[in-house]
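Just below is one structure, and these are the notes that go with it.
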Amino acid sequence: MEFRQLGRTELKLSVLGFGASPLGDEFGRIDPSEGERAVHAALDAGINFFDTSPYYGRTLSETRLGNALRGKRHRAVVATKCGRYGKADFDFSADRVKRSVDESLTRLGTDYLDLLTAHDIEFVDREQIINDAIPAMRELQAAGKVRYTAFSGLPIRLLRDVAERADVDAVLSYCHYNLMIRDLETELAPVLQRKGLGLINAAPVHMGILTEAGPPAWHPAPEAAKRAGAEIVSLCRQAGRDPAQVAIRFCVEYPMAATTLVGMVTSDQVQQNVSALNSEIDPDLLAKIEQIVEPVRNLTWASGRPENSDV
Ligand code: NAD
């Protein structure tokens, strides 16, 4: 396993990170013991980065991850989030952020978090993130409960503005750098580079679009993007390649990202995704994928308050 430093932090993250949102049944009900085996298989394969949130399964993901990491906490870099607690339940006030961390520490069975991320900031006033949430996160850092801080969200221009103005260590972006979309390179990467902030790139399979199973029913991408994704899946199948592996391999090659976070729930998926790291993408296959993507390149969707959304 290769490890990369997250910005200027002391965290060295495995290039493939374990996204724990499906552990909270966000992509359908899972077998909890299989989920636990997936966490152990990830650790054994050298994956050290685990990302969860109180929002995933409304605390279920944190509880399951905490159970799976019991006695193994020292082998993991544990990241959780604050501020989002339901589909429309957000609270980024300083008091709630502090309480949230205490609750997460209990569920995760640990006395410190390696990374705390303000979760889905586009749903609130960005000034509250900069003036209330992040200073509270910094206080938690000074108190030793949190090692480093970040924020996450979908709209890439909002991420850029907050990265420019806020005092954080890293940014978590999703669905803005993968086979289907690449505007992170021009919209966000320059400010991260200039400020020395770390990048966590999430959702390489575009939240299921680039998998044999296809996207979940709630997937917000425009139909044209879903159709192009289905074409890519079928092209990979014809070429004898697993589309998820191709998609993951593509993202891991992006050197700006310290880690690529993939949602994983079975030990088989962990093995497949780890073996993707050593696979090659045939240039002909990549060229055909680029042709399919061209008409829908960089298609995104609305998320959050109108003034924060890209669309
Ligand atoms: P993803 O693109 O990683 O897709 C996850 C889906 O892909 C799941 O259904 C999973 O079962 C499936 N999958 C994974 N490997 C596979 C394989 N080899 N073959 C077939 N299917 C496979 O989307 P995601 O889980 O939403 O994103 C990854 C992680 O990034 C999340 O779990 C979360 O930790 C983080 N994330 C954070 C935010 C945020 O902070 N706002 C947003 C999105 C993702």
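Each ligand, and each atom within it, is numbered from 1 in the order the structure gives. For reference, positions follow the sequence shown, starting with 1.
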### Message
Any nitrogen or oxygen of Pro22, side chain or backbone, less than 3.5 Å from one on ligand 1?
### Response
no
### Message
Quick check on the hydrophobic clustering: are Met137 and Leu108 connected, directly or via other members, by side-chain heavy-atom contacts under 4.5 Å?
### Response
yes
Where on [X] is there a heavy atom closer than 4.0 Å to ligand 1, on the side chain, on the backbone, on both, or on neither?
| X | value |
| --- | --- |
| Asp120 | side chain |
| Ala244 | side chain |
| His119 | side chain |
| Leu261 | both |
| Asn273 | side chain |

### Message
Looking at Phe90, I'd like to know if the NZ or CZ of Arg84 sits under 6.0 Å from its six-membered ring centre while staying within 45 degrees of the ring's axis.
### Response
no
#### Entry: Phe18 touching ligand 1 at heavy-atom level, < 4.0 angstrom
no
### Task
Could you tell me whether Arg237 and Glu212 make a salt bridge, using a distance below 4.0 angstrom between a side-chain N and a carboxylate O?
yes
### Message
Please determine whether a side-chain nitrogen of the Lys or Arg among Asp114 and Arg73 lies less than 4.0 Å from a carboxylate oxygen of the Asp or Glu.
### Response
yes
#### Entry: The single option from Lys145, Arg96, Lys98 passing salt bridge (charged side-chain N to carboxylate O under 4.0 Å, His left out) against Glu103
Arg96
### Query
Measuring from Glu280:CD to Arg241:CZ, what's the distance to the nearest 0.5 Å?
9.0 Å
### Subset of ligand 1 atoms that lie under 4.0 Å from at least one heavy atom of Ser152
39 (C), 40 (O), 41 (N)
### Query
Which of these, Ser53, Gly208, Gly19, has its nearest heavy atom closest to atom 29 (C) of ligand 1?
Gly19
### Query
Under 3.5 Å, is there a donor-acceptor pair between the side chain of Arg182 and the main chain of Tyr177?
no
